[in-house]
Structures are given as structure tokens and as C-alpha cells.
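Counting starts at 1 for both ligands and their atoms, in listed order.
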Amino acid sequence: MGKLIAVTGKGGVGKTTISALLVRHLVKRGNTPILVVDADPNSNLNEVLGLSVDETIGSIREEMAQRVGELPGGMAKHDFLEMKVQECLVEASGFDLVVMGRPEGPGCYCFANNVLRDVLKMLGKQYPNIVVDNEAGMEHLSRRITTSIDHLLIVSDASIRGMLAAERIRELVDELKLTIGTMHLLINRVHDGLSAEVEKRVKTFGAPLIAAIPDDGIVREFDGSGRPLIELPDSSGTVRMVSEIADRLKI
Ligand SMILES: Nc1ncnc2c1ncn2[C@@H]1O[C@H](COP(=O)(O)OP(=O)(O)OP(=O)(O)O)[C@@H](O)[C@H]1O
Ligand SMILES: [Mg+2]
């Protein structure tokens, strides 16, 4: 299994941005191939990576239910799944993207989650690095998509609400007894430094602060014009800081 880097945190704090820039960094360094997993049902990582996606893991479920009686001669369910997962992979330069998406039709996310777990097991061995962009909140951690994470980045903005959400995630990590190599807090989109109250919470957070990334005009500019963030120039402060984070994590 390659090194698994998971990015988590409250909604809108920059998980997808950080994930995309980690991928950008790894590609630039030639630390490839990377398996990029968009584990957010409201997926949009593909957009910031400049890719379009036809099939998601969520859509396999329906097809599986319909076709299970007519699988090609002797093909087991697992092999069919493996074949479909390969079809879901979007190949790009230096990395492959797999999108979890939303399961179609009624029912819960269990199937998609189970498949995602299998995908990580199946494909994880073929990639030295795996970057997982999670949905907001703690769903994936609590559903134990993976019990072992090499580097966990808990992202917050510079608000107390962001920090409280980050603290809940950190507590859950302890409760679930997940195996974590390193765990860091990352504060993103900082405007005028950190308030005294946030600084206090940083000190008692229980995992070190790896970076406080300032709000970045170039990221906003790209965002406004819909340009993929993977094309951000080296001069972007966010790009530089994410590279420094990767260096500190030795990835
Ligand atoms: N350092 C930054 N400077 C300026 N804008 C930023 C920065 N980081 C992220 N953003 C912007 O903040 C918004 C939210 O970022 P992003 O989509 O990465 O968050 P998210 O945590 O993945 O959100 P969601 O929970 O909806 O998946 C985007 O418009 C993004 O361009
Ligand atoms: Mg996101």
C-alpha cells in the first residue's frame, strides 16, 4: 500500500484546494503515479484538477444490481467490480483520479463506501502516493473507509467554529483508534493573523499546527474565472506553502 494522505475538515475550509495542490506538488516532484480519490459525494476535485468525469463508483451500484444475473461467463462479482473500478479511473499526467460520487437511487452510502474500501485495497498497492479529499465532517472517518492513514491533515479556517469542528475530528480519530502516522492541524485562508482565542485553541489542539496559509488573491482569481487550481503559478503563496507542508511530511 502506498502512502495515504487524507485531507479532512469542516465544509468550505479548503480541503479540495489543499488536496489539488498536494497532487500538483507530487506531480512536479515526479513522485508519481498518484492515486487521487475524491471521496466527497458532492465531488468537485476533478474541476480543480481540470478533468471531466463520466463514471463514478456510486453509479456502479445500479449497474451491478441490473447486470448481476448476466455477468459474462463465470465472472465473479468481485472481478466485475474490479473491471468497473478500472473503467472509473480517469487517467491524467502523473496521476489517476477516482470519484466516489453519489449512489444512484434509494439506499445508503454503504455500498459506495464498501467499494471505496475495496478500491483502496485493490489499487493502493499500485501507487506510491494516495491523496484522499474527504467530504466535510467525519463521515468517512467514522465509516472506516480506511483504518490506516499515513498523514492526516485536519483543515480549519481561522474561526472558532472551524477550530471546534477540527477538534471534534481529532477526538473522533482517537475514539476510532485509527492508525495515523502523522496528524496535523492546517489553518487556511487566514486574513489578519490568528485571534488570541484561536491561538489558544491551537496550543491545546493535540496535534501540531503545520501551517497557517494566508488568504491568497491568486487562488481567488483562479476560482473566479473557473481555472483549474492545478495550473496555479509557483508564485502563489498557497502553492509554496503546500509544497513546504509536503516537504515537512517527507512526501
Ligand atoms: N488559501 C486560499 N486563499 C483564497 N481562497 C481559498 C484558499 N483556499 C481555498 N480557497 C477558496 O475557498 C473556497 C472553498 O475551498 P474548497 O472548495 O477547497 O473547500 P472544501 O473544504 O473542499 O469545501 P467543501 O467542504 O465544500 O468540499 C474555494 O472557493 C477556494 O477557491
Ligand atoms: Mg471539497
**Complete:** For Gly11, the atoms of ligand 1 under 4.0 Å from one of its heavy atoms are 25 (O)
**Asked** Hey, is Lys15 close enough to Asp38 for a salt bridge, meaning N to O under 4.0 Å?
**Response** no
**Asked** Can you check whether Ser156 reaches Leu185 side chain to side chain, under 4.5 Å on heavy atoms?
**Response** yes
**Item:** CA sep, side-chain torsions, deciding dist, call: Val131, Phe95, side-chain contact (heavy atoms from CB on, under 4.5 Å)
**Value:** CA-CA 10 Å; Val131 175; Phe95 65 92; over 6 Å; no
**Complete:** Nearest non-hydrogen protein atom to atom 19 (O) of ligand 1, with distance, is Gly14 N, 3.0 Å
**Item:** Reference residue His151; test side-chain contact (heavy atoms from CB on, under 4.5 Å); the match among Leu249, Leu4, Val7
**Value:** Leu249
**Asked** So is Pro214 in contact with ligand 1, going by heavy-atom distances below 4.0 Å?
**Response** yes
**Request:** Pick one of side chain, backbone, both or neither for how Ile18 approaches ligand 1, counting any non-hydrogen atom pair under 4.0 Å.
**Result:** neither
**Prompt:** For atom 20 (P) of ligand 1, what is the nearest protein heavy atom, given as residue, atom name and distance?
**Reply:** Lys15 N, 3.4 Å
**Request:** Using a strict cut-off of 4.0 Å, indicate which atoms of ligand 1 neighbour a heavy atom of Asn188.
**Result:** 1 (N), 2 (C), 7 (C), 8 (N), 9 (C)
**Prompt:** Is there a side-chain contact between Val202 and Ile187 (heavy atoms, below 4.5 Å)?
**Reply:** yes
**Asked** What protein heavy atom is closest to atom 17 (O) of ligand 1, reported as residue, atom name and distance in Å?
**Response** Thr16 CB, 4.1 Å
**Asked** Mind checking whether Lys200 and Glu197 have side chains closer than 4.5 Å, heavy atoms only?
**Response** yes
**Prompt:** In terms of side-chain geometry, is the basic nitrogen of Asp247 or Arg29 positioned less than 4.0 Å from the acidic oxygen of its partner?
**Reply:** yes
**Request:** Answer yes if the side chains of Asn134 and Thr8 hold a donor-acceptor pair under 3.5 Å, and no otherwise.
**Result:** no
**Message:** Please report the interatomic distance CD1(Ile213) to CD1(Ile245), rounded to the nearest 0.5 Å.
**Reply:** 4.5 Å
**Complete:** Note: heavy atom closest to atom 15 (O) of ligand 1, options Asp215, Leu45, Thr17, Val7, belongs to Thr17
**Asked** Any heavy atom of Gly12 sitting closer than 4.0 Å to ligand 1?
**Response** yes
**Request:** Identify, for atom 27 (O) of ligand 1, the protein heavy atom at the shortest distance, and state residue, atom and that distance.
**Result:** Asp40 OD2, 3.4 Å
**Prompt:** Is the closest side-chain heavy-atom distance between Val239 and Leu229 below 4.5 Å?
**Reply:** no
**Request:** With heavy atoms under 4.0 Å as the rule, classify the contact between Thr238 and ligand 1 as side chain, backbone, both or neither.
**Result:** side chain
**Identity of the nearest option to atom 6 (C) of ligand 1, non-hydrogen atoms only, from Met241, Glu47, Glu135, Arg189** = Arg189
**Message:** So, regarding Val13 and ligand 1 (criterion: nitrogen or oxygen to nitrogen or oxygen, under 3.5 Å), is there a contact or not?
**Reply:** yes
**Request:** Output yes when Lys84 and Glu87 qualify as a salt bridge under the 4.0 Å nitrogen-oxygen rule, no when they do not.
**Result:** yes
**Request:** Tell me, please, if Thr17 has any N/O/S atom, main chain or side chain, under 2.8 Å from the Mg ion (ligand 2)?
**Result:** no
**Message:** Within the 4.0 Å heavy-atom shell around Asp216, which atoms of ligand 1 are there?
**Reply:** 2 (C), 3 (N), 4 (C)
**Asked** Using a heavy-atom cut-off of under 4.0 Å, does the side chain or the backbone of Asp223 touch ligand 1, or both, or neither?
**Response** side chain
**Asked** How does Asn42 reach ligand 1, if at all, at less than 4.0 Å between non-hydrogen atoms: by side chain, backbone, both, or neither?
**Response** neither
